[in-house]
Amino acid sequence: MIFSSDKAIYVQMADRLCDEILADKYQDDDRIPSVREYAVMLEVNTNTAVKAYDELARANIIYNKRGLGYFVTPGAKKQILKERKQAFMKEQLPELFRQMQLLGITLEDVKAAYELQQK
């Protein structure tokens, strides 16, 4: 995984795991890789992976079964979608609208571009 400098690595790791849940790689009550496995997979320090997992556990995205590992909390996908949609609407959409206005891009232009992408 290539990490960017705009967010802490553990946050990017947590985001990646959420992306994998959204992509149905992991579903409700599925076991996810252990902290150590995920750290090795992403070539990061185990302590960084622990922070990512702790963050996700606090957010109720994953839960720990002592001795068995971490699992996806039922309803996690729905929760992630809700939170990400809210963040998109609050953080990214206003800038998108500002750029559209500056560049004279209409909603019809966006719709046409979207439909082209779907083909």
Side-chain angles (χ1 to χ4, degrees):
M1 179 171 175
I2 298 172
F3 297 101
S4 66
S5 60
D6 64 333
K7 283 186 192 175
I9 291 174
Y10 79 93
V11 173
Q12 293 176 66
M13 291 177 67
D15 286 346
R16 177 188 166 132
L17 197 51
C18 286
D19 289 346
E20 292 171 341
I21 292 168
L22 289 175
D24 290 327
K25 181 173 181 178
Y26 305 112
Q27 298 178 359
D28 290 354
D29 291 313
D30 280 355
R31 185 184 177 282
I32 61 172
S34 72
V35 170
R36 191 168 281 118
E37 290 168 340
Y38 212 55
V40 168
M41 187 184 333
L42 299 182
E43 299 176 345
V44 299
N45 185 294
T46 304
N47 292 331
T48 305
V50 167
K51 285 178 76 172
Y53 277 48
D54 285 347
E55 181 79 16
L56 291 170
R58 272 194 300 279
N60 206 29
I61 301 298
I62 62 174
Y63 64 95
N64 188 5
K65 284 187 183 177
R66 189 177 279 290
L68 296 176
Y70 283 92
F71 296 79
V72 177
T73 302
K77 181 176 180 176
K78 187 176 179 181
Q79 180 182 340
I80 295 165
L81 279 171
K82 180 183 174 187
E83 290 172 5
R84 288 207 176 166
K85 283 180 183 180
Q86 287 174 343
F88 178 82
M89 298 297 264
K90 182 180 177 186
E91 299 163 11
Q92 293 174 305
L93 206 52
E95 176 58 20
L96 177 66
F97 287 152
R98 188 179 80 76
Q99 288 295 322
M100 286 174 62
Q101 186 175 16
L102 287 172
L103 300 172
I105 298 171
T106 66
L107 288 176
E108 290 78 23
D109 295 335
V110 173
K111 183 180 177 187
Y114 178 80
E115 288 171 353
L116 251 163
Q117 288 290 320
Q118 299 306 307
K119 292 181 181 180

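Just so you know, these numbers come straight off a predicted model, no measurement behind them. Count residues from 1 along the sequence.
Residues Leu107 and Met89 are members of one and the same hydrophobic cluster, defined by side-chain heavy-atom contacts under 4.5 angstrom among Ile, Leu, Val, Met, Phe, Trp and Tyr. Criterion: ILVMFWY side-chain heavy atoms under 4.5 Å apart, direct or through other members. Under it, Phe88 and Leu81 are not part of a common hydrophobic cluster.
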From CA spacing to verdict: side chain to side chain contact (heavy atoms under 4.5 Å, CB included), Tyr70, Leu56: CA-CA 10 Å; Tyr70 283 92; Leu56 291 170; over 6 Å; no

Leu102 vs Gln99, side chain to side chain contact (heavy atoms under 4.5 Å, CB included): CA-CA, chis, key distance, verdict: CA-CA 5 Å; Leu102 287 172; Gln99 288 295 322; 4.2 Å; yes

Stepwise salt bridge (charged side-chain N to carboxylate O under 4.0 Å, His left out) test for Glu20 and Arg16: CA-CA 6 Å; Glu20 292 171 341; Arg16 177 188 166 132; 3.2 Å; yes

Val50/Tyr38 under side chain to side chain contact (heavy atoms under 4.5 Å, CB included): CA gap, chis, key distance, verdict: CA-CA 10 Å; Val50 167; Tyr38 212 55; over 6 Å; no

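Taken to the nearest 0.5 Å, the OH atom of Tyr53 stands 13.5 Å off from the CD1 atom of Ile61. In this structure, Met41 CE and Glu37 CD are separated by 7.0 Å, a value rounded to the nearest 0.5 Å. Rounded to the nearest 0.5 Å, atoms CG (Asp109) and CG (Leu103) are 10.5 Å apart. Here the CD1-CD distance, from Ile62 to Glu55, works out to 10.0 Å after rounding to the nearest 0.5 Å. Atom-to-atom distance recorded for Ile105:CD1 and Leu96:CG is 8.0 Å, nearest 0.5 angstrom. Of the inter-residue distances, the one linking Ile9 atom CD1 with Ser4 atom OG reads 9.0 Å to the nearest 0.5 angstrom.
With respect to Arg84 and Asp19, a salt bridge is recorded, a charged nitrogen being found less than 4.0 Å from a carboxylate O. At a threshold of 4.0 Å, the pair Glu95-Arg98 counts as salt-bridged, since one of the basic side-chain nitrogens sits closer than that to a carboxylate oxygen.
A donor-acceptor pair under 3.5 Å links the side-chain atoms of Gln12 to the main chain of Lys7, judged by distance alone. Side-chain atoms of Gln79 come within 3.5 Å of backbone atoms of Ala59 as a donor-acceptor pair (strictly under, hydrogens ignored).
Counting non-hydrogen atoms of neighbouring residues, nucleotides and ligands closer than 6.0 angstrom, the CD atom of Gln86 exceeds 12 such neighbours. Other residues, nucleotides and ligands contribute more than 12 heavy atoms inside 6.0 Å of the CD atom of Gln92.
Summarising the geometry of Phe71 relative to Asp29, their closest heavy-atom pair is CD2-O, 3.3 Å, with the distance given to 0.1 Å. The two atoms that bring Tyr10 and Ala52 nearest to each other are O-CB, 3.4 Å, heavy atoms only. When every heavy atom of Gly69 is checked against every heavy atom of Asn64, the shortest pair comes out as O-OD1, 3.0 Å. Residues Val110 and Met100 approach most closely at CG2-CE, 3.6 Å, considering heavy atoms.
Of the options Asp30, Asp28, Asp24, a salt bridge (Lys or Arg N to Asp or Glu O under 4.0 Å) to Lys77 is made by Asp24 and by none of the others.
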